[in-house]
Amino acid sequence: MAPHHLPFYLAPGSGTDTLMVVMGLFLIGIVLWVGTLYWKLHSLPERMAHKSQKLQFEFVAVLGLISLFTHMHIFWIAGLLLAMIDLPDFGTPLRSIAGSVEKIAEATPAVDSEEFRLEAATPATDKPEPVKEHSHV
């Protein structure tokens, strides 16, 4: 026979343990919260690199996956450092140059291939032959 003045955290003999149920729900909530915090922290380099170039973003994402599956934190640190560095954009100027060269190539007059072959096949006769000097020895 239990006295009626027992504290609230002690379970009655025929009832459920209220404190255990509350602590179980608290533990589930904390585990979910810490898991969410871990995933946000783990995806930090990818979120930082998302604003950069596609190639840089892919490198950072691959480094994040490698660090996730191998549990080697150096890959995560490398991905974080790569996400922080702003790589110069070489692709845009090169594409602009290539587009300009294509426009220039299309703007030049086309030479008939038959005329070009005839000119290339016939030797130039307009040039005088070089005079060789004779030695006096």
Subject >> Residue list, side chain to side chain donor-acceptor pair (under 3.5 Å) with Thr36, at least two apart or on another chain >> reply: none
Original post:
When clusters are formed from ILVMFWY side-chain contacts under 4.5 Å, directly or step by step, what else is grouped with Leu32?
Top reply: Ile28
**OP:** For Phe57, check ring pair (Phe, Tyr, Trp, His ring centres under 6.0 Å) against everything at least two apart and list the hits.
**Re:** His50
Subject >> salt bridge (charged side-chain N to carboxylate O under 4.0 Å, His left out) contacts touching residues 70-85 (sequence neighbours left out) >> reply: none
**OP:** Output all residues satisfying side-chain contact (heavy atoms from CB on, under 4.5 Å) with Leu55, sequence neighbours left out; order by chain, then residue number.
**Re:** Glu58, Phe59
Subject >> Fellow cluster residues of Trp39, listed by chain then number, with links counted only when side-chain atoms sit under 4.5 Å apart >> reply: Tyr38, Leu65, Leu68, Phe69
Original post:
Are any non-hydrogen side-chain atoms of Ile66 and Met72 less than 4.5 angstrom apart?
Top reply: no
**OP:** Just jot down the side chain to side chain donor-acceptor pair (under 3.5 Å) partners of Lys40, sequence neighbours excluded, or say none.
**Re:** none
Original post:
Partners of Gln56 by side chain to side chain donor-acceptor pair (under 3.5 Å), sequence neighbours excluded?
Top reply: Ser52
Subject >> Contacts of Ile30 that satisfy side-chain contact (heavy atoms from CB on, under 4.5 Å) - sequence neighbours left out >> reply: Phe26, Val34
Original post:
Side chains of Leu19 and Met23: does their closest heavy-atom pair fall under 4.5 Å?
Top reply: yes
Original post:
With sequence neighbours left out, which residue pairs that include part of residues 69-84 fulfil the side-chain hydrogen bond (donor to acceptor under 3.5 Å, both in side chains) condition?
Top reply: none
Original post:
Is there any salt bridge (charged side-chain N to carboxylate O under 4.0 Å, His left out) pair reaching into residues 64-74, and which pairs are they, with sequence neighbours excluded?
Top reply: none
